[in-house]
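This report concerns only the one structure given below.
Start at 1 with the first residue, then count along the sequence. Because the structure is predicted, anything quoted here is derived from the model rather than measured.
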Amino acid sequence: MAKSIVSAVLEKSSSLLMIPGEIKQKFELALALEEEIGKVIAHFQDIQSVLQDAESKQVKDANVRNWLKKLKDVAYDVDDVVGEWNSEKLKSQIEKEQKEARNFPLLKKMRNSISSFTFQTILYYKMTSKLSGVNEQLDSIATEKDRYKFGLEKVVEEPRRLITASFIDDEEVYGRRQETELLVNMLVGDNSSGGGLKLPVISIVGMGGIGKTTLAQLVYHHSDVECHFGKRLWICVSDPFDEIRIAKEILEAFKGESSNLVGKDNILQEIRSHVSGKKVLLVLDDVWSEDATRWEQLKTSLKHCSPGSRILITTRNEKVAIIMGTTSPNLFLLNTLSLEECRSLLSRRAYYGRTREESENLDDIGWKIAEKCQGLALAAKILGGLLRFMRTREQWQNVLDSEMWDIEEAEQDLFPPLFLSYYELPLALKQCISYCAVFPKGMILRKDELIKLWMAQDYLKGVRCEEMEIVGEEYFDELHMHSFFQDFRGDELDSDIIKYKMHDLIHDFLLVLMKTECVMLVNHDSEELKLDLSCERARYGTLIRKEAAPTEPNIFRFRKLRSLLIDSSYHDTSSLRLYLPRLFDQLTCLRTLNLSNGLFRNSIEELPDEIGKLVHLRYLNLKKNKKLKELPGSLCGLCNLQTLNLKWCDSLKELPHLENDQTNLSLMAIPKGIGRLTNLQTLSLFVVTSNSDTSSLGDLQNLIHLRGLLKISGLGAVCDVTEAEKAELENKKGLRTLILDFTISKGLMSNRWQRDDGRLLEALRPPPYLEELEIWWYSSPTISANWMMGLTKLSHVSLGYCLHLKSLPPLGKLPSLESLYIGGRSRVEKVSVEFLGVEREEILAPSSSLESPSSSVIAFPSLKHFEFEFFDLEEWEDWVPLTSREEHISIMPRLCSLTINSCPKLKALPCYVLHNTSLKQLNISQSPILSERCRKETGEDWLKISHIPSIMIDSVRIQVNCSSVEEFGVLQFQPLHSTKRKEKLYYVNALMPLP
């Protein structure tokens, strides 16, 4: 890690030497600054040449470790100085350009010039003074370096980097088939009575890295287990055993959505009602706690499930298994892999992409390395991932002969392979994986969010903004291939979503690497935070607020923090308001700040102006602070800001009806000057108001690096279409999701119907690579934006509360559209053939004239999920079927799920829906005519729909085919922006409410 930060600082410091000659002539201090910068660079270049040897020796030598710690501290300080310099220069440049754009009188221009001269003089003095102090520390470090007689770095040919399109298939697990069958039989077999126990507990016990979780996953997804249990739940417990968190996750898994219940008794009572009468399998992965009292109440609430229910736990400690209630017959002791199995697992990764001849040349060394894995599956995977990128026999021999095998640390069986794999990583990847020590153990990670955190720490440097996420994905994928990350799949409600986590031992390893740089603070039971004074210069911190601390948290002592993630999953952020001014005033080195709110309740209502002092800040997460009404103007001075997450900060609890005179959307305001944040890449919410003191839609023009999701709310306040044209959304090539919300704040309701939303929508032309589009509260009768049918990558569309919409756009033309939601209220009376997007000449073309079946006209060629949800829609009566002249048109050939909700006058479904053989799930509710036609056995359309595996009518599942649903999965499709939609649980067991 020392080499990584030193190399980064050297690169940045060198750029400071490029001080223009005219500046040097004007400012004598510039010459002094240049001299100090030169000294810093010379010191670091001298030290850098021995860092490879120093980092290998630190494993056994505590003195070398201490020397590297001092070196890293100084390197971080230099990086802060350089960052401050660049931030001040960027702010100065932006202000200069703004002033030049205005036509000031001569006297004011002279004042501005004097002010600029004064500013630069102070800046040069401040930077020179700071670097002078740094050089004194570097003098001492350089002198100490000579005592250790480090060897100079050897120039080694870099191994050829392999970039692959997908990962190795890890589903084939070596040596665990017999164990899988035994466990499955214990869960579902004829002899699985549980010894008379109401709720038997089966425990997989084994040492760390042996494959307990993998075996549990194999069993959990086994087809016999899936069909035997009515409900399966997977909870990652880890340490500590937090019974309230675990109970909430169990409840949320049953309900399929987040729960706002508080209080253990309330949660347990709710669990009891949900498990009653159901055959349940609950997997508790990675249990550590030996405190039986923490488990007893939770287990009692689960005892009301049906006979045949089971609890499966994984633990390293047999004593824990017994405390959890495991009897001897249900104790499953997992053995290590045999040498042959270990070698097969290692070889499968290490020999990937090699010829047979190359593999045979390395085979003898491979056997010896496999022996060193000592039967641990994780060790074999890690070493296999490392060897995969080593092309020569000499490199393999170096691994076998490495000193790392002799280290004496906790979990010594696994740490040597981890050290070997870590030290072979490129510098940038070492930084990326080391940062992950900041997350709580067992946390579920989302790739895109982790990449933003890496960007904020400047680990993806040297590339343009639009390339950073691509590079970040490559870094993540490479770390995944080295087994630093594991795939993690949640319950069946979102089984298509791949999430990631780190094995506990890898997390422990990272904490060893970062033990003086990373600090995790927990306040519990009103106790004062326990601090390790040796960590006061820590750079990465996590504050877990298990109690709403009545006194100021000691986080202020860590003034050098570059990353602070505040967990508010136990207590909302409202209690932080007293501490935020001081936090912003003192922790001025922060690049990353997470203030997201973990609960949908109270929150902070405003940010103090002091946030403007966080000049280095690149990532600010304010997600779910639902009472946050406005942002301070000082935020617009944070010129380095890349990510501003404002999801669920719009104070909207539900979408109100516009006819209600009491409507008050209470939209928050975006401060004037947001356009100055030209480095901004993530802005999840932009609110338009009629207030001249806030940002206008045109202020989006300069934010050309925006990527991912952008929601524009309050478009009802836009009366000038040129403002929408100024926004130039089309030039923001990185946008993938666009939500256009035409709501309007109270006080402007009288002007609501005087606007032309159609012209405004046309002016909001998005970039061509948009993947998801949502339009809400649109007031025009038609949607005729010319650009919409040109979005060939569009995979999701939502049209909600388009109150005056009379006809649907020809969405059938969109070639990539996979999910479609049309709901709320509208004036649509019929869904006609125009909705299919088929041209008139295609309709009239006789089927005999078609050259081949492959040339047939296809409407909605990719659509899989379709939902109509009109609340008490009185107008819609007809979904027009095809005529005989139109039967050659293929419609929705890939449709999997269809939901019709609250369409009381809809007379019938068209034949191309009823006869669709790809349809796997049909859900009809509050639509009495359709419900009667689809009634099982007696309904007029029953024979037409009986082939559909899963049919639900008015919340009653009238048909379910286990094997088909097993293949298809359980669908609970909701629109991306619907207030009913459950948030996908990327952080199933996270203590940290990151988005």
Side-chain angles (χ1 to χ4, degrees), residues 173 175-189 191-220 225 233-243 246 281-300 302-303 309-338 341-342 373-380 409-415 441-442 486 501 503-509 989:
V173 180
R176 297 303 186 202
R177 291 179 182 173
Q178 183 178 356
E179 289 90 338
T180 301
E181 293 304 320
L182 286 171
L183 266 175
V184 169
N185 190 56
M186 291 173 72
L187 292 172
V188 306
N191 297 322
S192 63
S193 62
L197 297 175
K198 175 67 175 176
L199 185 59
V201 179
I202 300 170
S203 293
I204 304 173
V205 181
M207 64 190 299
I210 202 171
K212 299 183 297 297
T213 298
T214 300
L215 179 58
Q217 289 172 332
L218 287 172
V219 171
Y220 185 82
V225 172
L233 306 96
W234 181 287
I235 306 295
C236 183
V237 177
S238 200
D239 192 32
F241 189 100
D242 187 334
E243 63 269 36
I246 294 168
L281 171 63
L282 171 63
V283 178
L284 298 176
D285 184 38
D286 194 28
V287 182
W288 288 71
S289 176
E290 298 181 10
D291 185 353
T293 60
R294 294 197 166 197
W295 164 238
E296 287 168 355
Q297 284 184 296
L298 180 56
K299 187 177 180 182
T300 299
L302 296 167
K303 285 184 176 179
S309 296
R310 295 287 184 271
I311 296 174
L312 177 65
I313 75 168
T314 69
T315 180
R316 300 185 196 180
N317 190 338
E318 188 172 336
K319 182 179 178 181
V320 170
I322 294 170
I323 289 171
M324 296 285 285
T326 308
T327 59
S328 296
N330 289 335
L331 199 63
F332 194 96
L333 301 177
L334 189 60
N335 296 318
T336 57
L337 297 174
S338 67
E341 292 163 346
C342 218
C373 295
Q374 300 183 38
L376 298 179
L378 181 60
E409 289 277 4
E411 302 289 353
Q412 59 180 358
D413 290 334
L414 264 173
F415 273 22
K441 183 180 288 189
Q486 301 174 329
K501 62 176 291 187
H503 193 284
D504 282 355
L505 287 173
I506 291 178
H507 189 268
D508 292 342
F509 168 74
N989 70 326

Study note, to complete from the structure: Interatomic distance, CG@L312 vs CG@L284, rounded to 0.5 Å, equals 8.5 Å
Exercise for review: Measure the CG-CD distance between L218 and E179 for me, rounded to the nearest 0.5 Å.
Suggested key: 10.0 Å
**Study point:** From I202 atom CD1 to T327 atom OG1, the distance as rounded to the nearest 0.5 Å
**Key:** 8.5 Å
Review point. Considering all heavy atoms of both residues, which atom of I323 and which atom of W295 are nearest to each other, and what is their separation?
Key: O-CD1, 4.3 Å
Point to revise | Minimum-distance pair of heavy atoms, taken over all atoms of T336 and L376 | key: CG2-CD2, 4.4 Å
Check your understanding: Roughly how far, to the nearest 0.5 Å, is CG of L378 from CG of L337?
Key -> 11.0 Å
Check your understanding: Could you go step by step and tell me if H503 and T213 meet the side chain to side chain contact (heavy atoms under 4.5 Å, CB included) rule?
Key -> CA-CA 9 Å; H503 193 284; T213 298; 5.7 Å; no
**Study point:** D508/K441 salt bridge by N-O under 4.0 Å criterion
**Key:** yes
Check your understanding: Which heavy atom of G442 sits nearest a heavy atom of C236, and at what distance?
Key -> O-SG, 4.1 Å
Practice item. Determine the minimum heavy-atom distance between A216 and T314, stating which atoms define it. Key: CB-CG2, 3.9 Å
**Study point:** Counterpart residues, side-chain contact (heavy atoms from CB on, under 4.5 Å), relative to N317 (two or more places apart)
**Key:** E290, T315, K319, V320
Exercise for review: Might you work through the side chain to side chain contact (heavy atoms under 4.5 Å, CB included) test for Y220 and D285, ending with a clear yes or no?
Suggested key: CA-CA 11 Å; Y220 185 82; D285 184 38; over 6 Å; no
Review point. Looking at I313 and A321, what are the two nearest heavy atoms and their distance?
Key: CD1-CA, 4.1 Å
Check your understanding: Could you give the distance from CG (L215) to CG (L334), rounded to the nearest 0.5 Å?
Key -> 6.0 Å
Practice item. Could you tell me whether a side-chain N or O of K212 sits under 3.5 Å from a main-chain N or O of G206, the two making a donor and an acceptor? Key: yes
Study note, to complete from the structure: Between S309 and P200, the two heavy atoms sitting closest are O-CD, 3.5 Å
Practice item. Among L282, V237, V287, find the residue that satisfies the side-chain contact (heavy atoms from CB on, under 4.5 Å) test when tested with I246. Key: V237
Check your understanding: Nearest 0.5 Å, what's the CE-CD1 distance between M186 and I204?
Key -> 9.0 Å
